[in-house]
Amino acid sequence: MSAPASQPLDPMIPRQFRIEEAFAEVGSGEVYSWRLSPLDGEPLRFAPGQFNMLYQFGIGEVPISISGDAEAAGLVHTLRAVGGVTKAMQKLEAGEVIGVRGPFGTAWPVAEAEGQDLVLVAGGIGLAPLRPAVYCALRHRDRFNRVFLLYGTRQPEDILFREELEHWRAQLDLDVYVTVDRGGPGWHGNVGVVTKLIARGGFDPANTVAMACGPEVMMRFAVMALQKHGVAAERIYVSMERNMKCAIGYCGHCQYGPHFICKDGPVFRFDTLQPIFDVREL
Amino acid sequence: MSTPAILDRKDFDSLLGALRDRGHEVIGPRVRDGAIVYDTVDTAADLPEGWTDEHEGGHYRLKPRTDKALFGYVVGPTSWKKFLFPPQQTVFRATRVDGQLRFEPGVVDDHPRAFLGVRSCELHALAIQDKVFMAGPYADTTYQQRRESVFIIAVNCVEAGATCFCVSMDTGPAVGAGHDLALTEVINAREHYFLVEAGSNRGAELLAAVPHRGATEQEINAARGGVAQAAESMGRKLETEDIRALLLGNLDHPHWDEVADRCLSCANCTLVCPTCFCSSVEDSTSLDGGEAEHTRHWDSCFNQDFSYIAGGSVRASTASRYRQWLTHKLATWYDQFDSSGCVGCGSCITWCPVGIDITAEVAAIRASDQRRGDR
């Protein structure tokens, strides 16, 4: 289930990948996905939760988590056009070649949830790094008890992977709940923060492994809600984000207290972060 | 490793010659721009003979000595790190050919270098950076290449500077390990010589190629006495007892804001620090757009951009940046690399334009410890 990650030869030199398909995920493409294939034919094996450094010729490099299926062919990334590099990348079309370094970082411990309830909590674009864990749980559905996907985003137009969410929601052995901060005409679903979905429960807190990914403030409240519901800190995992330049532990940018997000994370067991999680500007 | 030998001052050039004969570029102290900096040294005449340096918080001056000591100074604004971890280097060049990208790794200038005049604190700093760049899951191969060919001639300190506190950090003043040769300069009205001790086989071989004689007990004692005197005259002191817990327990201490009122967030301390290792990357293209370069350069946790992610900088305030630097150096460094990140060289104190003093800031927090137990 957790495929051994393939190691790059020189970790600072990218490999070439061709964009096979580029498509808008949200709106006019503020969030977009790429399906990539390696020019050298050697597939990039990764575990759910890991990330790559994506390089656009002459523009720069950005850390982006992998949003595709670890057990399917092809490499899928989902990006939000938010900075200089991701905005330039938004203009790239199928056929163009980019550089990829990776995979890097720790993975969602999906295997640890086997025989237990799996609760995935996503906020906004945080659904993208969690999607490989969803695929994994779906591929090996019989290994888990109940599987929850709780997803909150700002407004109905921002719902990521909507078709897929609807498809998953139709599955009888999957509990998929979506909520938006602001509803609006045409929206008759849940309104409110994602923590409300946690409060509904349905999972056995003593036999649950929870994984949360989203803005830090959202994860803070998600963790609080999970803990309030009886899920211990040792059973909760979060994925952290910091500035990152090298991805291999020596540029110093991604430090978070004693941790390097690039190699000790991005996925952390919450109890290891608990002492510093409430410190501002760390 | 070997019995101490004596190298006479008049034979010093033969030491430099022997290094060159073995293919090393000798890098050592030189007077330039009103400071003692590390650069290529051809003969002993290039060394800062008869000069010393005066240190205080935010203060550095060169002063003539009353004698002709070659190593009668403490440490300058440049550390050895710039030769192993250059301020700027090309990570790769990319070219676009037929719709594909070709990546060419940057050329690493790893010609053999000899570092002459490495102080004990600096040796410890080298060992710390070795760990940062070579001991992780991934090694910085460019650092490794440069590092492997370095020959080290260390110099024991016989005088301490006013901002020195290596004794507190247990990193000096006596040279302990990591050198090929260690020199102790002895100078008085009658004589001027160097006690030489080999720290490696390479060092012993080099010594064998240079005129020298066995040291008398008196000569050895004179040299040791100088080092002991340096240890007794540290300009600063840092109480390190329980320091990791002290600092991590005081992340919300008001003193961080107090320092921030003075701190200019200029990054000088991180530039002169011999262990600071942070870097950033930049991308550029040739005018015709055919070639792109991915360049790595020194960066500092004091820069606002350093922690930028979508939505803003994580460490927007100066207080948070100073706290990051100090707690990393003296506390979380233990978690990451199993040692302190500070070697007590005092450079950050000397070169801070407003004289912020790491030893005084820690003492201020210690004096009003507001520890919470859970960190």
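In this text, all values refer to a predicted model and were calculated from it rather than measured experimentally. In what follows, chains are A, B, ... by sequence order, proteins preceding strands, each numbered from 1.
Judged purely by distance below 3.5 Å, without hydrogens or angles, the side chains of A:Glu281 and B:Gln324 never pair a donor atom with an acceptor atom.
One finds the CG atom of B:Asp299 at 8.0 Å from the NZ atom of A:Lys245 (value rounded to the nearest 0.5 Å). Rounded to the nearest 0.5 Å, atoms CH2 (B:Trp298) and SG (A:Cys251) are 16.0 Å apart. The CZ atom of A:Arg18 sits 10.5 Å away from the CG atom of B:Leu101 when rounded to the nearest 0.5 Å. Separation of atoms CD1 (A:Ile276) and OG1 (B:Thr332) is listed at 9.0 Å; rounding is to 0.5 Å.
With a threshold of 4.5 angstrom between heavy atoms, B:Ala139 approaches chain A through N, CA, C or O but not through any side-chain atom. When heavy atoms are compared at a cutoff of 4.5 Å, A:Ile248 approaches chain B by way of both its backbone and its side chain. If you measure heavy-atom distances from A:Glu96 to chain B, you find no contacts under 4.5 Å at all. Heavy atoms of A:Glu216 lying under 4.5 Å from chain B are absent altogether. Using a 4.5 Å cut-off between heavy atoms, B:Asp305 contacts chain A through its backbone alone, with no side-chain atom that close. For A:Pro14, the parts lying near chain B are the backbone and the side chain together; criterion is any non-hydrogen pair under 4.5 Å. In this structure, the portion of A:Ile98 lying under 4.5 Å from any heavy atom of chain B is its backbone and not its side chain. Only the backbone of B:Thr95 has a heavy atom closer than 4.5 Å to any heavy atom of chain A. Of the two parts of B:Ser307, only the backbone, made up of N, CA, C and O, holds a non-hydrogen atom closer than 4.5 Å to a non-hydrogen atom of chain A. Heavy atoms closer than 4.5 Å to chain A are found in the backbone of B:Glu291, but not in its side chain.
For B:Glu239, the CD atom counts as densely surrounded, since its 6.0 Å shell holds more than 12 non-hydrogen atoms of other residues, nucleotides or ligands. In B:Asp288, the CG atom is crowded: over 12 heavy atoms of neighbouring residues, nucleotides or ligands sit closer than 6.0 Å. More than 12 heavy atoms of other residues, nucleotides or ligands sit less than 6.0 Å from atom CZ of B:Arg262. Applying the 6.0 Å contact sphere to CZ of A:Phe161 captures more than 12 heavy atoms from other residues, nucleotides or ligands. Taking a 6.0 Å sphere around CG of B:Asp242, one finds it holds more than 12 heavy atoms contributed by other residues, nucleotides or ligands. Under a cut-off of 6.0 angstrom, the local environment of CZ in B:Arg146 is crowded, with over 12 non-hydrogen atoms contributed by other residues, nucleotides or ligands.
Considering all non-hydrogen atoms of both residues, A:Asn243 and B:Ile309 come closest at N-CG2, 3.2 Å. Minimum heavy-atom separation, A:Val97 to B:Gly99: CG2-O, 3.2 Å. The two residues A:Gly252 and B:Cys278 have their closest heavy-atom pair at CA-SG, 3.5 Å.
Of the listed residues (B:Cys276, B:Ala319, B:Ser317, B:Ala331), the greatest number of heavy-atom pairs within a distance under 4.5 Å of chain A belongs to B:Ser317. Counting heavy-atom pairs under 4.5 Å between each of B:Asp140, B:Val281, B:Thr142 and chain A puts B:Asp140 at the top. No other option in B:Glu293, B:Arg323, B:His294 has as many heavy-atom pairs under 4.5 Å with chain A as B:Arg323. Ranking B:Thr285, B:Val314, B:Asp335 against chain A, the residue ahead of the rest is B:Val314, based on heavy-atom pairs under 4.5 Å. The candidate from B:Phe133, B:Tyr143, B:Phe306, B:Phe92 with the greatest count of non-hydrogen atom pairs under 4.5 Å with chain A is B:Phe306.
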Apply side chain to side chain contact (heavy atoms under 4.5 Å, CB included) to the pair B:Phe103 and A:Gln16, showing each step before the final yes or no. CA-CA 9 Å; B:Phe103 295 105; A:Gln16 295 187 73; 4.0 Å; yes
Could you check B:Thr141 against A:Met12 for side chain to side chain contact (heavy atoms under 4.5 Å, CB included), going step by step and ending with a plain yes or no? CA-CA 10 Å; B:Thr141 53; A:Met12 287 303 279; over 6 Å; no
Could you go through B:Arg296 and A:Cys246, starting from their C-alpha distance and side-chain angles, then the distance that decides it, and tell me whether this counts as side chain to side chain contact (heavy atoms under 4.5 Å, CB included)? CA-CA 9 Å; B:Arg296 173 178 167 202; A:Cys246 74; over 6 Å; no
Is there a side chain to side chain contact (heavy atoms under 4.5 Å, CB included) between B:Asp283 and A:Phe57? Walk through the geometry before answering. CA-CA 9 Å; B:Asp283 294 88; A:Phe57 179 81; over 6 Å; no
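Annotation: A:Tyr250 is not in aromatic contact with B:Phe85 [ring centroid separation under 6.0 Å not met].
With a 4.5 Å cut-off on side-chain heavy atoms, B:Pro137 and A:Lys263 count as touching. Here the side chains of A:Gln255 and B:Gln336 are in contact, with some heavy-atom distance below 4.5 Å. Residues B:Ser280 and A:His253 meet the side-chain proximity criterion, which asks for heavy atoms closer than 4.5 Å. Taking 4.5 Å as the limit, every side-chain heavy atom of B:Glu104 sits out of range of all side-chain heavy atoms of A:Ile13.
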